[in-house]
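We count residues from 1, following the sequence as given.
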Amino acid sequence: MGQFFDSKLIFSFFAINCCFSLVYGKSNVTQSLVTPINHDLYHTSGGLREEIKSLVHRHPDKLSIERVSSKNKGYEAEITVVTYCQNRKENDDRSKFRILLSFGQHGRELITTELALRLLSILSEEEFLPNMDRVALNQTLNRLVIKVVPMENWNGRKLVEAGELCERRNGRGVDLNRNWSVDWGKKEKDYDPYEENPGSAPFSEPETQLMRKLSVSFEPHVWVNVHSGMEALFMPYDHKNTTPVGLPSKMMTSMLEAVNHFHLKDRCIIGSGGGSVGYLAHGTATDYMYDIARVPMAFTFEIYGDSTASSKDCFKMFNPLDITTFNRVLNDWSAAFFKMFSIGLEQMDELHSKAVASTFDKWVSIDDYLNGYLMERKSRYGKKVEVLDLGMQEIRTYFRLFLLSSVLLLFMFCSRISKSTRPLVSAMTL
């Protein structure tokens, strides 16, 4: 009798729980379908920071690290920047090919931060890629300075680790990849105010302020913003269904096709983000880097996605779950990045040779030659971008310096003539 009563009680409790779930939409079945973070594969945000810090400490000859922070209206953000250069004394050598990589801009995309750690481990020679010629790689790396931001959205990542597995925004609910100034604030018909909150103004968020400051001071030749959700190699633009025109576009397309073929088995979509992903995105980092910061080659890489995952099962959608897929993603994309480094350097050498030929063996730097192309680019309004104004300011400055130096030389020349003629005058009077 007691057993029967217990059974009825359990059945009644189950029935009540089912009714409650139907009314409030909180089914235990649905909850069980949400995949939790696999901590056997993925570092915590704090653990990743410590791992990177230790890595840099073990290789002070090649790696350096700095933490920078910014605050806005009581909200503070901090990013870690790791710089790789084979000889740290040459970190500021402007003749080197400069690369800026950002990972973890969206908190839920944990696999991207693991790729950052893997790349730094390979650069420090603690890990190695199979079938890679280390001698040839070192020859390439000797000419590079690489800055890596392993986790741009530290505050958003902590929210994900606290259980909000679908969170892509920063610690106060702003999508960092909608907070940049190019076409900021425009809303498409499918605009999602929760997912795509662009903030109160361009660069309202400390994270984007820090990244903008870094791009201005470093002046990279290549920018890559690393995401997950699909497999794709995107170039500008995100805010419109077109790619840039002219030589820079051809260079970017050629690079992406080679990377896709040699290391990603041609499985990635290639093209503009706005024309390929299925929606337009306004206020993105890559569009800013290309149009305003004048980065010659600006990309967004999407390194993994599970299209079979439920829209509520975000960890599965954006991150591999098993060790085999996890390692395949990291190995394939690490190889793809090093291929990109090599191709980028080859393209810069080719540009140098063309610049030398076109100026009758007069040396022209990488930056000067590329800026010549970039000054011809037009903004979406059909006007010259602000690069032209900056170029004219530089020309005016150089012209003023030229005039000043000419006057000084003329003064020195006249003084020399005056001194040399005095003895002759006295001799003639004797």
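- A ring-ring contact (aromatic ring centres under 6.0 Å, His included) check over residues 293-319, counting only residues at least two apart or in different chains, returns the pairs Tyr42-Phe315, Phe299-Phe301, Phe301-Trp333, Phe301-Phe337.
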- List the steps and the verdict of salt bridge (charged side-chain N to carboxylate O under 4.0 Å, His left out) for Asp349 and Arg143. CA-CA 11 Å; Asp349 288 341; Arg143 299 175 60 191; 2.6 Å; yes

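- Going from atom CZ of Arg169 over to atom CD of Gln105 covers 14.5 Å, rounded to the nearest 0.5 Å.
- Atom CG in Asn153 sits 11.0 Å away from atom CZ in Arg108 (nearest 0.5 Å).
- Looking only at distances, a side-chain donor or acceptor of Asn179 sits under 3.5 Å from a matching main-chain atom of Ala201.
- Side-chain atoms of Ser45 and Glu161 include a donor-acceptor pair closer than 3.5 Å.
- The only option from Glu152, Arg157, Arg118 that meets the side-chain hydrogen bond (donor to acceptor under 3.5 Å, both in side chains) definition with Thr113 turns out to be Arg157.
- Side chains of His59 and Asp61: no donor on one and acceptor on the other come within 3.5 Å.
- Pro206 places a side-chain heavy atom less than 4.5 Å from the side chain of Arg172.
- Applying the salt bridge (Lys or Arg N to Asp or Glu O under 4.0 Å) test between Glu78 and each of Lys158, Arg49, Lys71 identifies Arg49 as the sole match.
- Here the side chain of Asp238 pairs no donor or acceptor atom with the backbone of Ala281 at under 3.5 angstrom.
- Side-chain atoms of Glu109 and His227 include a donor-acceptor pair closer than 3.5 Å.
- Under a cutoff of 6.0 Å and an axis angle of 45°, Arg212 and Phe203 form a cation-pi pair.
- How far CG of Leu117 is from CD of Glu51: 5.5 Å, rounded to the nearest 0.5 Å.
- When side chains are defined from C-beta on, Val82 counts as touching Val56, because their heavy atoms get closer than 4.5 Å.
- A 4.5 Å side-chain heavy-atom check between Phe128 and Ile122 finds every atom pair outside the cut-off.
- Relative orientation of the His282 and His239 rings is tilted, given thresholds of 30° and 60° on the angle between their planes.
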- Task: Test Thr83 against Leu63 for side-chain contact (heavy atoms from CB on, under 4.5 Å), laying out the working first.
- Result: CA-CA 6 Å; Thr83 302; Leu63 298 175; over 6 Å; no

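- Side-chain contact check for Tyr237 and Asp291: at least one donor-acceptor pair (N or O, by modelled atom type) lies under 3.5 Å.
- With Ser254 contributing its side chain and Lys250 its backbone, the two residues share no donor-acceptor pair below 3.5 Å.
- Here the closest heavy-atom approach between residue Lys187 and residue Gly185 is recorded as NZ-O, 3.3 Å.
- Atom CG of Leu214 is separated from atom CD of Glu219 by 11.5 Å, given to the nearest 0.5 angstrom.
- Taking each heavy atom of Lys312 and Cys166 in turn, the nearest pair found is O-SG, 3.7 Å.
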- Task: Start with the C-alpha gap between Thr253 and Met235, add the side-chain angles, then the distance that decides, and say whether side-chain contact (heavy atoms from CB on, under 4.5 Å) holds.
- Result: CA-CA 8 Å; Thr253 302; Met235 66 177 76; 3.1 Å; yes

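- For the pair His261 (side chain) and Asp266 (backbone), a donor-acceptor distance under 3.5 Å is absent.
- The number of heavy atoms from other shown groups lying within 6.0 Å of NZ (Lys53) does not exceed 12.
- Ion pairing of Arg328 with Asp322 is absent here, as no side-chain N (NZ or NE/NH1/NH2) approaches a carboxylate O to less than 4.0 Å.
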- Please report the C-alpha distance between Arg58 and Glu126 in whole Å, then the side-chain angles of each, then the deciding distance to 0.1 Å, and finally whether the salt bridge (charged side-chain N to carboxylate O under 4.0 Å, His left out) criterion is met. CA-CA 10 Å; Arg58 294 193 297 271; Glu126 288 198 2; 2.7 Å; yes

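- When atom types are taken as modelled, the side chain of Asn260 and the backbone of Leu256 share no donor-acceptor pair closer than 3.5 angstrom.
- Side chain of Glu350 to backbone of Glu346: no donor-acceptor contact under 3.5 angstrom is found.
- Residues that satisfy the side-chain hydrogen bond (donor to acceptor under 3.5 Å, both in side chains) test with Arg267, not counting sequence neighbours, are Glu231, Asp332.
- A 4.5 Å side-chain heavy-atom check between Phe341 and Leu144 finds at least one atom pair inside the cut-off.
- Residues Ile79 and Trp154 form no side-chain contact, since every pair of their non-hydrogen atoms from C-beta on lies 4.5 Å or further apart.
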- Query: For Val295 and Ser215, what are the C-alpha separation, side-chain angles and deciding distance, and is it a side-chain contact (heavy atoms from CB on, under 4.5 Å)?
  - Reply: CA-CA 9 Å; Val295 179; Ser215 68; 5.8 Å; no

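- With contacts defined as side-chain heavy-atom distances shorter than 4.5 Å, the pair Val149/Leu101 does not qualify.
- With 3.5 Å as the limit, one finds a donor-acceptor pair spanning the side chains of Tyr75 and Glu207.
- The two atoms that bring Ile52 and Leu120 nearest to each other are CG2-CD1, 4.1 Å, heavy atoms only.
- Thr35 and Asp313 share a donor-acceptor pair across their side chains, judged by distance under 3.5 Å alone.
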- Query: Yes or no on side-chain contact (heavy atoms from CB on, under 4.5 Å) for Val145 and Tyr84, after CA distance, side-chain angles and deciding distance?
  - Reply: CA-CA 6 Å; Val145 177; Tyr84 169 85; over 6 Å; no

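- Residues Val222 and Leu100 have side chains not in contact (no heavy-atom distance under 4.5 Å, counting atoms from C-beta outward).
- The shortest heavy-atom contact between Ser272 and Gly275 is OG-N, 2.9 Å.
- The shortest heavy-atom contact between Ser334 and Leu115 is OG-CD1, 3.6 Å.
- At distances below 3.5 Å, not a single donor-acceptor pair connects side-chain atoms of Asp183 with backbone N or O atoms of Gly283.
- Remark: the backbone N or O of Pro193 is not paired with any side-chain donor or acceptor of Asn197 at under 3.5 angstrom.
- Residues Thr300 and Thr286 have side chains that bring a donor and an acceptor to within less than 3.5 angstrom of each other.
- Within the 4.5 Å cutoff, the side chain of Leu233 has no heavy atoms near those of the Ile269 side chain.
- Side-chain atoms of Glu205 and Asn170 form a donor-acceptor pair, as typed in the model, at a separation below 3.5 Å.
- No donor-acceptor pair closer than 3.5 Å links the side chain of Glu302 to the backbone N or O of Val226.
- Proximity of a side-chain donor or acceptor of Asn155 to a complementary backbone N or O of Glu76 within less than 3.5 Å is detected.
- Remark: Phe103 engages no residue in a ring pair (Phe, Tyr, Trp, His ring centres under 6.0 Å) (not counting sequence neighbours).
- Of all heavy-atom pairs spanning His221 and Pro296, the tightest one is O-CD, 3.4 Å.
- Expressed to the nearest 0.5 Å, how far NZ of Lys147 lies from CD1 of Ile99 amounts to 12.5 Å.
- Relative to the ring axis of Phe262, Lys339 places its NZ or CZ within 45° and under 6.0 Å from the centre.
- Here Phe326 contributes atom CZ and Leu330 contributes atom CG; the two are 4.5 Å apart, rounded to the nearest 0.5 Å.
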